[in-house]
Engineer: 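Quick one: the structure is below, and I'll ask about it shortly.
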Protein chains: 2
Amino acid sequence: MDLIYLAPICAVLGLLFAIYSFSIVKKEPAGDEKMQKIAAAIHLGAMVFLNRQYRAIGAFVVVIAVILAILISPWAALCYVIGAGLSAAAGYIGMHSATKANVRTTNAAKRGIADAVKVSFASGSVMGMSVVGLGLLGLSIVFIILVTINGGFASVVGVNTVVSILASFGFGASSVALFARVGGGIFTKAADVGADLVGKVEAGIPEDDPRNPAVIADNVGDNVGDVAGMGADLFESYVGSIIASMALGVAGAAFASQLFGETIAPLNLILLPMLIAAFGIIAAAVGTLFVRTKKNESSAIHKAFNTGLIVAIIISIISTYSITSILLYGQFGMGFMFAAPLGMGIWFATIAGLIAGFMIGLITEYYTSFDYKPTLGIAKSCQTGAATDIISGFAKGMESTVWPVLIISVAIFIAYQFAGMYGIGIAAVGMLSTLGISLAVDAYGPVADNAGGIAEMSHQDHSVRDITDTLDAVGNTTAAIGKGFAIGSAALTGLALFSAYALAVGIETIDILNTRVFIGILLGGMLPFLFSALTMTAVGDAAQQIVVEVRRQFKEIKGLMEGTADPDYTSAVSIATKAAIKKMMLPGLLAIVAPLAVGFILGPLALGGLLVGSLVCGFLLAVTMANAGGAWDNAKKYIELGNFGGKGSNAHKAAVVGDTVGDPFKDTSGPSINILIKLMSMISLVFVPVLLLL
Amino acid sequence: MDLIYLAPICAVLGLLFAIYSFSIVKKEPAGDEKMQKIAAAIHLGAMVFLNRQYRAIGAFVVVIAVILAILISPWAALCYVIGAGLSAAAGYIGMHSATKANVRTTNAAKRGIADAVKVSFASGSVMGMSVVGLGLLGLSIVFIILVTINGGFASVVGVNTVVSILASFGFGASSVALFARVGGGIFTKAADVGADLVGKVEAGIPEDDPRNPAVIADNVGDNVGDVAGMGADLFESYVGSIIASMALGVAGAAFASQLFGETIAPLNLILLPMLIAAFGIIAAAVGTLFVRTKKNESSAIHKAFNTGLIVAIIISIISTYSITSILLYGQFGMGFMFAAPLGMGIWFATIAGLIAGFMIGLITEYYTSFDYKPTLGIAKSCQTGAATDIISGFAKGMESTVWPVLIISVAIFIAYQFAGMYGIGIAAVGMLSTLGISLAVDAYGPVADNAGGIAEMSHQDHSVRDITDTLDAVGNTTAAIGKGFAIGSAALTGLALFSAYALAVGIETIDILNTRVFIGILLGGMLPFLFSALTMTAVGDAAQQIVVEVRRQFKEIKGLMEGTADPDYTSAVSIATKAAIKKMMLPGLLAIVAPLAVGFILGPLALGGLLVGSLVCGFLLAVTMANAGGAWDNAKKYIELGNFGGKGSNAHKAAVVGDTVGDPFKDTSGPSINILIKLMSMISLVFVPVLLLL
C-alpha cells in the first residue's frame, strides 16, 4: 500500500513544474509603459471579478457545508470545503499567471514566434499543472488521512466509508466549477457581445480598439471565462473521474471474479485511479517539454502542441500498463497482458479513454477550423446573408454530434466489455490523465488572445500583431478542441458518477419501461435546454447593460472617438461583474435543486433516469453549441482573410452576426452544460445516505 | 362484439362530413379571372409536386412491401400498402380542397370576415375529417376482415395475430408521412427562403409580389408542407396511437387483474381504442358546427376555434365514459366510476390526454404569439440587431420545452398510474380523438395564407387584404399550436408504440445500467440532431438553387421588375420539386435503417434505448425549433405593425433574419422529427418477428 504515496509525490512534482513554468513567464519583461498600464487594468479587472465571485461562492459553500455536516457528516463537510478551496485556488493561480503572461507574450512577440509561444504556453502549463497537482494532492492526502483515522488500509469498512466521504470533495469542486463556469461564461460573453454590438457594429471601430469603453472588460472576460472557468470545469472532471472510479472499485473486483474467476483485492482497484493520475502528471510534464516551435506558421504551432500531446499520451499508456501490473499483480512484465484479464481490461479502458479524448479533439478541429469543408461551407453561405449563415452553422453544429457520439459509444463499449462499470470510470481517468498538458494547450489560447488585444491597444508594430494574430488563430482552434475534450470528459465522468450513484443507492436495474424512470429521463433531458436558455438570456441581458453604458460614454465623453480622451474602462468591468454574479444564481440553483427534488419526490429510480436524460441531451446540446459557435467564429476569420469580399463586405457583416450568436453558444451555454451533467451526478452520489432514509 | 361496427360507421359519417364541408367550399365562386389564373397555377404546382412525390413514395412502398411479404407475411405487406394508400389519399383530398379553397376564401373576404372564415375552415375540415375518416375506416375494416379470416372474435390467438399484423398498416402510414413531411417541408421552406432572399432582401419587393418568380412556388409550398405534410403526420399519429393501444390490450387486462383483481376480457381492451376514436369523430363534427364568428377581429376567430375545440373535447370525454362502461361492463351508469377501477382509469387516461393536448396548445400560443411576453421580448431584441434576435429567440425556444415536458410527464404519470402501459396508449388516443377538428383548425392556416397571397398578387382592394391579413395572423398562431399538438401527440404515440414494441419482443426490463442500453439512448438521442441537420441543409441547398434561378430571371427577363413582363413561375416550382424529392431520400433512409441496424447489431435492448433516446431528444428539439421559429415569425409581424420602427427599420431587417432562420426550424426540421420518433418505433414493432429470430 506504500505505492499510494506516489500520488501526493507526483502531485507535488506537478506543482513544482507549475512553479517552474511560472518562472518562465516571469523571466520575460512586461514591455513598455503603455503595455503595462493596459495589462495592469486587465489584471486588476480579472482579480476584482474573481474576488467578488469567490465571495459569493464562499457564502454558498458555507451554507452547503453546514447542510452536509448536519445531513451527512462533519467529515463530508470538511472534504467539501477542501475540494471547493483547492478548485478556487487552482483557478486563482491560473488566472494570476494568465494576466501576467498576456503582456509578456506581446513583448516576446517582438522577438519572434518561438518566444511568444514559449511564454504563453508556459502560462497554460501553470494552469494545467496547478489543476492536476492541487486536485490529486488534495484528494490523495485527504484519502490517506481519512483512511488512517478510520482504521487504516486493513479495514475494508473504513476504506469504503472514506470513499463515500470523498464524494463530498468532488461536490466541493463541482460547486466552484458551477459558478466559475456559469458566472465566468456570462461575464466574458456579455462583455464581448456588448463591446462588439456598439463598437464594431454601431461605431465601426475595430475589435480591441482602445476607444471602446468595454475593451478591457472584453479582455478580462477571456481570462475569467476561458482560464478560470475552463480550469474549474476540468478540475471537477479530473477529481470526479478519480472519485467515481474509486467508488466503483468494489464493483470492479466483483466483475473480475464473476467473469474471469480472478481474485483482486478491491482496495487495489480503489488506489489504482489515483496512481494512473499520478503517472499522468509526469507524462504531461514530459510532453510539455516537447512543445517547441521556431516557424512562424500556425500549422507549426499546431504540430508542436500535437507532438507534446502524443508524447504524453504514449507515456501515459506505458505507465498505466506498468502501474496496473505492479499494483494489481505485484510484478511487471509483458506476460501480464495475457495472464491477467482484468488488468488487461483496465489497460484497454485507459487507452480507449485517451484515444477517445484525442479523437474528439480531431473531430472538433475538423468541424471548426476553416481548413476543412464544414466551416468553409458556412463561410460561403454568408454570401447570401446572415440567415443562411445561421442555418448552415446550426446544421453543421448538429451534424457534428455524430462522430463524438460514436467515439464515446465505442469507448464506453470497450471499457465496459473489458472491465465493467469500473472500466468506464477508468476510461474517464485515462482520458483526463494527461490533463496537465491538454489543459495547458487550451489555456494558452486566452493568453494569446489577450496578447493580441494588448498589441492592438498599445499600437505595437505590425510585425508584432501579425505574430499575435497567428497565435490567436491557433488559440481559436485549440479552444474549440479544448471544449470538445471538456464535454467528452464530462460525459464519461458523468456516466461513471451515475454508475457510482446507482451502486451506492443499491439499485440493480433502472428500467426505462418503468414510467417514473421515463419521466426522469424526460425531465433530465429538458434541464440542459432550460439551463442553456437561462445562461443565454443572462448573456443577452448583461450585454444589453454594457451596450447602454458604452453608448453613454461615446455620447458623454468629449473627444473619445477622436482619441483625445480616455474611456472609463472600470464601469464596464463593474457592470459585467455584477450582472454575471447576479445571473449565475438561478441556473446554479436549478442544477442543485432539480436532482434533489426529483430524487425526493419521484424516488431514486427517477433520479437515475434524470441523470441519464441530462447526460445524453446535455452532451448533444453542448457539442452542437460549442461546434456551431467555433465554426461561426472561424468562418468570420476566413472571410476577414479576404475571402468572399473580405472585411466590410456583406458576407463579412453576415459572418459577424453568426459569430455573435455563436459567442454565448460556445463560451457560455455549451460549456456550462458540462457542469450541469457532472454536478447533478455528484450531488446525487453525495446525498445517497439521505435518499436511503426515505 | 357488434359494437365494433360502430367504428366504420362513424368513420363513414366523418367522410360524409368531409364531403359536406367540401360542398361549402365549392359553393363559393372562384373570383375574377386574375384570381382564378393564380389559383390555377398554385393548384397545378401543388398537384404536380404531389404526383411526383407519390410516384417516388410508390416505388419505395413497393420495395418495402416485398420485404415485408418475405420477412413477415403477405398479409402484413397488404396492410402496409393499404395504410400507405389511405394516408396518401387523405393528403391528396386535403390538398385538393385547400387549393380550391384558397381563392374562394379571397373571394369570400370581399363580403367580410365571417364568410372568409367559413370557407377556409370548411377546407380545413375536409382535411381533418378525411384523415380521421379514412384512418379509422381503413383500420377497422382491415381489422374486422382479418379477424374473420383468422377464426373470428372468439379466437384469442387469431385476434392477437391480427393486432400484430396491423402494425404494418401503421408502418404504411409512417412511410408516407416520412416523405410527405420531409419532402413537403423541404419544398415549402426552400421556396419560401429562396423567394425571400432575392425578393425581399435583394430586390426589395414585398412578400407575395407577383413579379417574384418564386412566388407561386412559395404558395404551393404552404399547401404541400402545411396541408399534405401535416395531414400525413397526424394520420400516422392517429392510427399509430390506436394500433399501439390495441397491441397493449393484453397488458391492460393483466394490469387490471394484478392491481385491482378485476377480470376484463383483453378483446374488449383491443376494441376500445377504435371506439373511442369513433365517437371522437362525432365529437369533432359537432364541435366544428360551433365554429362561427361575425366579428372582424383575430381574437374573435380564436375564440370561435376554441369554442369548437372545447365542445369537441367535452363531448369526447362524455362519450368515452359511456363507451368504456358499455363495452367493458355491459352497462352505463354513474356508479361505474367507483365500481370499475380499470374503466375509471381508462377514462382518466383519456381525459389526461385530451387536456394535455389542449394545454400544450395554450403554452405554444403563449410562447409564439406577440400578445405575450416571450415574443415581445424577441421583437424588442431586434433593435440591437439580428444576432440578439437569434439569441433571444433560440433561448425562448429552449425555455419553452419546460411546460410541455411537465404536461406530458403528468399525463404519462396519471395514465400509467390508473391504467398501466395501456393507459399511455389510451391517453394518446384520447388526445387524438378530436383530431377531426384540431387538424381542421390547423389546416385552415395555409388556406388563409394562400388567400392573402392571391389577394396580393391579384391586386385586390385594401379591405380584402386586411381581412386576409387578419385570417393569416390567426393562421400563424394556429399553425404554431398545431405544431405543438403534433409533437405532443407524437411523443405520446411514440411512447405507446415503444411500450408495444417492448411487450412484443418480450422484454421485461430495459436497464439503463446495461451499457448497450445506454449506448442505444446516446445513439437515439443523436439521431434527431443528425436528422435536423440533414433536413436543414437540404433546405439551404434547395433555397440556393431557387435563389440562382430567381436572380437569373430578374436579370434575363426584360420588363419583369417594371411589371410589363411575367416571370416563369413553373421553373421555380420544378426546381423545388426536384430538390425536395431528391433530398428527402437521405434523411428518410436514416430513419428506416438506423433502428434496424442497431436492433440487429446491438440487440433488442439497445434498440429499446435508441427509441427512448430519440423520443426524448426529438421531443425537446422539435419543441425548441417549432416555438423559436413561430416566435421569430410573429416578432417580425409585430414589428411590421409599426412597432420598434416598423417596416424597413433596422429592427425589421433583423427580424427578417430571425424569421428566415425560423423557417426551416419550424416548418421542416422540427416537424420532421415527429415522424422520426414515430416511424422508428413503428418499424421496430413491425420487425419484432425478425428480431426474435436472432
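Naming: A, B, ... by sequence-line order, numbering from 1 per chain. We use all heavy atoms of the structure for the numbers below, so side chains are in, but hydrogens, waters and symmetry mates are not.
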Engineer: Out of A/Thr535, A/Val405, A/Val193, A/Leu534, which one racks up the most heavy-atom pairs below 4.5 Å with chain B?
Structural biologist: A/Val405
Engineer: Start with the C-alpha gap between B/Ile412 and A/Phe518, add the side-chain angles, then the distance that decides, and say whether side-chain contact (heavy atoms from CB on, under 4.5 Å) holds.
Structural biologist: CA-CA 9 Å; B/Ile412 291 172; A/Phe518 180 81; 3.7 Å; yes
Engineer: Rounded to the nearest 0.5 Å, how far apart are OG of B/Ser400 and CG of A/Leu530?
Structural biologist: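 One gets 10.5 Å once the value is rounded to the nearest 0.5 Å.
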Engineer: Evaluate the side-chain contact (heavy atoms from CB on, under 4.5 Å) criterion for residues A/Val616 and B/Cys617: first the C-alpha distance (whole Å), next the side-chain angles of each, then the deciding distance (0.1 Å), finally the verdict.
Structural biologist: CA-CA 8 Å; A/Val616 169; B/Cys617 284; 4.1 Å; yes
Engineer: Using non-hydrogen atoms and a 4.5 Å limit, figure out which bit of B/Thr388 sits close to chain A: side chain, backbone, both or neither.
Structural biologist: side chain
Engineer: As an exercise: rank A/Thr509, A/Leu406, A/Val623 by heavy-atom pairs under 4.5 Å with chain B and give me the winner.
Structural biologist: A/Thr509
Engineer: Can we call the ring centroids of A/Phe394 and B/Phe394 under 6.0 Å apart?
Structural biologist: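 When the ring centroids of A/Phe394 and B/Phe394 are compared, they turn out to be within the sub-6.0 Å range.
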Engineer: Using every non-hydrogen atom in the two residues, find where A/Ile519 and B/Ser409 come nearest and quote the distance to one decimal.
Structural biologist: CD1-O, 3.4 Å
Engineer: Checking heavy atoms, do the side chain of A/Leu495, its backbone, both or neither come under 4.5 Å from chain B?
Structural biologist: side chain
Engineer: For the pair A/Glu399 and B/Phe529, evaluate side-chain contact (heavy atoms from CB on, under 4.5 Å) and give the outcome as yes or no after the intermediate values.
Structural biologist: CA-CA 7 Å; A/Glu399 186 193 307; B/Phe529 284 78; over 6 Å; no
Engineer: Tell me, side chain or backbone of B/Leu615 under 4.5 Å from chain A's heavy atoms, or both, or neither?
Structural biologist: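 Contact with chain A involves the side chain of B/Leu615 alone.
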Engineer: Taking all heavy atoms of B/Glu508 and all of A/Leu513, pick out the closest pair and write down the distance.
Structural biologist: O-CD1, 3.6 Å
Engineer: Do you know which of B/Leu602, B/Val661, B/Leu527 has the most heavy-atom pairs under 4.5 Å to chain A?
Structural biologist: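 With the most close heavy-atom pairs to chain A, the winner is B/Val661.
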Engineer: Heavy-atom distances under 4.5 Å only: say whether B/Val410 touches chain A with side chain, backbone, both or neither.
Structural biologist: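 Neither part.
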Engineer: Is the closest side-chain heavy-atom distance between B/Met398 and A/Leu621 below 4.5 Å?
Structural biologist: yes
Engineer: Could you grab the distance from atom CG of B/Leu523 to atom CD1 of A/Ile408, nearest 0.5 Å is fine?
Structural biologist: 12.0 Å
Engineer: With side-chain contact (heavy atoms from CB on, under 4.5 Å) as the criterion, how do B/Ile512 and A/Asp511 come out once you've worked through the C-alpha distance, each side chain's angles and the decisive distance to 0.1 Å?
Structural biologist: CA-CA 6 Å; B/Ile512 318 181; A/Asp511 179 15; over 6 Å; no
Engineer: Near B/Lys380 NZ, under 6.0 Å, is it more than 12 heavy atoms from other residues, nucleotides or ligands?
Structural biologist: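 Incorrect, the count does not exceed 12.
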Engineer: Count the heavy-atom pairs under 4.5 Å between each of A/Val198, A/Val402, A/Ile507 and chain B, then report the option with the highest count.
Structural biologist: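 Most pairs with chain B among the choices: A/Val402.
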Engineer: Report yes if the side chains of B/Arg516 and A/Tyr416 come closer than 4.5 Å at any heavy-atom pair, otherwise no.
Structural biologist: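 Of all side-chain heavy-atom pairs linking A/Tyr416 with B/Arg516, none is under 4.5 Å.
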Engineer: Do A/Ser392 and B/Thr537 come within less than 4.5 Å of each other through their side chains, counting heavy atoms only?
Structural biologist: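 A/Ser392 does not reach B/Thr537 side chain to side chain.
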Engineer: Of the backbone (N, CA, C, O) and the side chain (C-beta and beyond), which part of A/Phe619 lies under 4.5 Å from a heavy atom of chain B, both, or neither?
Structural biologist: side chain
Engineer: Go through B/Asp196, B/Leu522, B/Val657 and name the one with the most non-hydrogen pairs under 4.5 angstrom from chain A.
Structural biologist: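 Among B/Asp196, B/Leu522, B/Val657, the one with the most close pairs to chain A is B/Leu522.
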Engineer: Tell me which of these, A/Asp541, A/Val612, A/Thr660, has more heavy-atom pairs under 4.5 Å with chain B than the rest.
Structural biologist: A/Val612
Engineer: Taking atom CG of A/Asn514 and atom CE of B/Met421, what is their separation to the nearest 0.5 Å?
Structural biologist: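 The CG atom of A/Asn514 sits 8.0 Å away from the CE atom of B/Met421.
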Engineer: Side chain, backbone, both or neither: which part of A/Thr624 has a heavy atom under 4.5 Å from chain B?
Structural biologist: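 The side chain, not the backbone.
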